[in-house]
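Comments concern the structure below.
So that the names make sense, note that chain A is the first sequence line, chain B the second, and so on, each numbered from 1.
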Protein chains: 2
Amino acid sequence: MERFVSTYAMRLDSKGRMSIPAPFRALIARDGLEHVYCHPALDLPVLQAGGARLMAGIDSLIERYPPYSEAREELAAALYGSIETLRLDPEGRVMLSEGLKTHAQIRDEATLVGVGDSFRIWEPNRFRAHLAEARAKVRALKQEIGSQGATRDSRGDGA
Amino acid sequence: MERFVSTYAMRLDSKGRMSIPAPFRALIARDGLEHVYCHPALDLPVLQAGGARLMAGIDSLIERYPPYSEAREELAAALYGSIETLRLDPEGRVMLSEGLKTHAQIRDEATLVGVGDSFRIWEPNRFRAHLAEARAKVRALKQEIGSQGATRDSRGDGA
DNA sequence: TGGGATACCATGGGTATTTATGGGCGTCAA
DNA sequence: TTGACGCCCATAAATACCCATGGTATCCCA
């Protein structure tokens, strides 16, 4: 396995701890990390988390802007500044800070969604709503793609 | 063999395990995988499963959009998020999650249908219905084609 | 060409391990 | 001292692995 995929429903216990699903942990461990990077998404009430690839992605995002440019400085502050390193306990759990929980409106349940290089942490109800929306868009996209070429790839992906 | 072809009737045992037909397993193994990727189809009560090619198809769909674009993020969540990696046990079986079984309405029997780069997992009755429908469409299409031009291949393949 | 032996496969079930989760206790810092 | 945090242990459920079985197709050799 090499990417974060699938969706998991997790609980936060009375101490605020949340298990990271074993398959996700395996990817983190592959990076040689004992912690998970986590930051609030810029535009949605959701957290983004992951390992080395998440960090690399953030680096490359910032590097799109010229050094010392205002945009770059702001982006760097917004992204690097908001990243927290959540240490994994011996059982593979992390603690979400109050700030992170507030941003995502998470109380005692969370939905973790693999998105390739990282995973997202949602409040379950908000995730459901968001997913319905996203699925509608995928459906539209599929139709669009399907109508483009006549015979090619009739398999589609059936997504 | 390099494509998923043919149709197999499989049973789920009391533990929910289902054998992947040996020819399908051979293709998965050729990818160096010890698991099968599986996700619910977007618009039909059927699962889509496969190996590296299935995953590559999904990747390419996502890569049509610029990194960090909203469309891409949503697509990634909807597609990667719905994928499950089903580990193959030493006997070549997988376990379908409750979510997958629910989507395809599968209880203790399933029909696996090769479709080239991947295979589909149906509840047997639904597959029969779907197949009948598909055949009708093919017949209609043939007739259409046949009436257009010459007489070639009116015999068809009897499918 | 027939018939037995053989290999492969789908299936079944027992058992060991992993996982998610819960709680207790020590430690360090404010 | 009090609270936050890290470690340890406990446990039930889910999972993975091991071995067993019966059926079928294949192969081999007489």
Side-chain angles (χ1 to χ4, degrees), chain A residues 1 4-30 33-38 49 84-102 106-114 119 121-124 127, chain B residues 1 4-30 33-38 47 49 83-102 106-114 119 121-124 127:
Chain A
M1 228 169 325
F4 294 97
V5 298
S6 195
T7 298
Y8 300 88
M10 291 291 145
R11 292 178 42 79
L12 281 73
D13 67 19
S14 57
K15 292 184 182 180
R17 296 175 298 188
M18 181 184 73
S19 284
I20 301 296
F24 288 4
R25 287 205 307 263
L27 290 178
I28 300 293
R30 199 170 59 75
L33 300 178
E34 291 177 349
H35 59 262
V36 174
Y37 296 111
C38 185
E84 301 186 24
T85 64
L86 310 178
R87 195 151 31 83
L88 286 155
D89 77 8
E91 283 77 32
R93 292 175 288 198
V94 298
M95 286 195 57
L96 297 178
S97 70
E98 280 308 313
L100 291 175
K101 282 195 285 190
T102 299
I106 288 170
R107 289 182 146 278
D108 58 2
E109 291 182 327
T111 301
L112 279 64
V113 186
F119 61 94
I121 305 175
W122 286 89
E123 190 283 320
F127 172 66
Chain B
M1 220 177 326
F4 295 97
V5 297
S6 192
T7 298
Y8 299 88
M10 291 291 145
R11 288 179 43 78
L12 281 74
D13 67 20
S14 58
K15 291 185 182 178
R17 295 175 300 189
M18 181 185 73
S19 283
I20 301 296
F24 288 4
R25 285 202 311 259
L27 290 179
I28 301 293
R30 198 170 58 76
L33 299 179
E34 291 178 348
H35 59 260
V36 174
Y37 295 111
C38 185
L47 309 177
I83 294 172
E84 301 190 23
T85 63
L86 311 179
R87 211 158 309 164
L88 285 155
D89 75 9
E91 283 77 34
R93 291 174 290 197
V94 298
M95 287 195 55
L96 297 179
S97 71
E98 280 308 313
L100 291 175
K101 282 194 285 190
T102 299
I106 289 169
R107 289 183 143 277
D108 58 3
E109 292 183 328
T111 301
L112 278 63
V113 186
F119 60 95
I121 305 175
W122 288 89
E123 190 283 320
F127 173 65

For atom [atom1] of [X] and atom [atom2] of [N], their distance in whole Å:
X        : N      : atom1 : atom2 : value
B:Lys101 : D:dA14 : NZ    : P     : 12 Å
A:Asp89  : D:dA4  : CG    : P     : 18 Å
B:Glu98  : D:dA13 : CD    : C1'   : 14 Å
B:Met95  : C:dG13 : CE    : C1'   : 14 Å
B:Leu112 : C:dC9  : CG    : C1'   : 15 Å
B:Arg87  : D:dA14 : CZ    : C1'   : 12 Å
B:Phe24  : C:dC9  : CZ    : P     : 14 Å

>> Using the side-chain hydrogen bond (donor to acceptor under 3.5 Å, both in side chains) criterion, which residues pair with B:Ser97? Sequence neighbours excluded.
In response: B:Glu84

> What residues form a side chain to side chain contact (heavy atoms under 4.5 Å, CB included) with B:Thr102, not counting sequence neighbours?
Replying inline: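 None.
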
Does the side chain of [X] reach to within under 4.5 Å of the side chain of [Y], using non-hydrogen atoms?
X        : Y        : result
A:Leu100 : A:Ile121 : no
B:Met18  : B:Leu112 : yes
A:Leu88  : A:Glu34  : no

>> To check you understand the geometry: which heavy-atom pair defines the closest contact between A:Val5 and A:Phe24, and what is its length?
In response: O-CE1, 3.4 Å

> Do any pairs count as a side chain to side chain donor-acceptor pair (under 3.5 Å) and have a residue in residues 4-14 of chain B, sequence neighbours left out, and if so which ones?
Replying inline: B:Asp13-B:Arg17

> To the nearest 10 degrees, what angle separates the axes at the start and end of the helix from C:dT1-D:dA30 to C:dA30-D:dT1, five pairs each?
Replying inline: 30°

> Does B:Glu91 have any salt bridge (charged side-chain N to carboxylate O under 4.0 Å, His left out) partners at least two apart in sequence or in another chain, and if so, which?
Replying inline: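 Here the qualifying residues are B:Arg93.
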
> In the 5'-to-3' direction, what one-character label does each nucleotide of nucleotides 17-23 of chain C receive under the scheme B = base within less than 4.0 Å of a protein heavy atom, S = sugar-phosphate only, - = no such atom?
Replying inline: --SSBBB

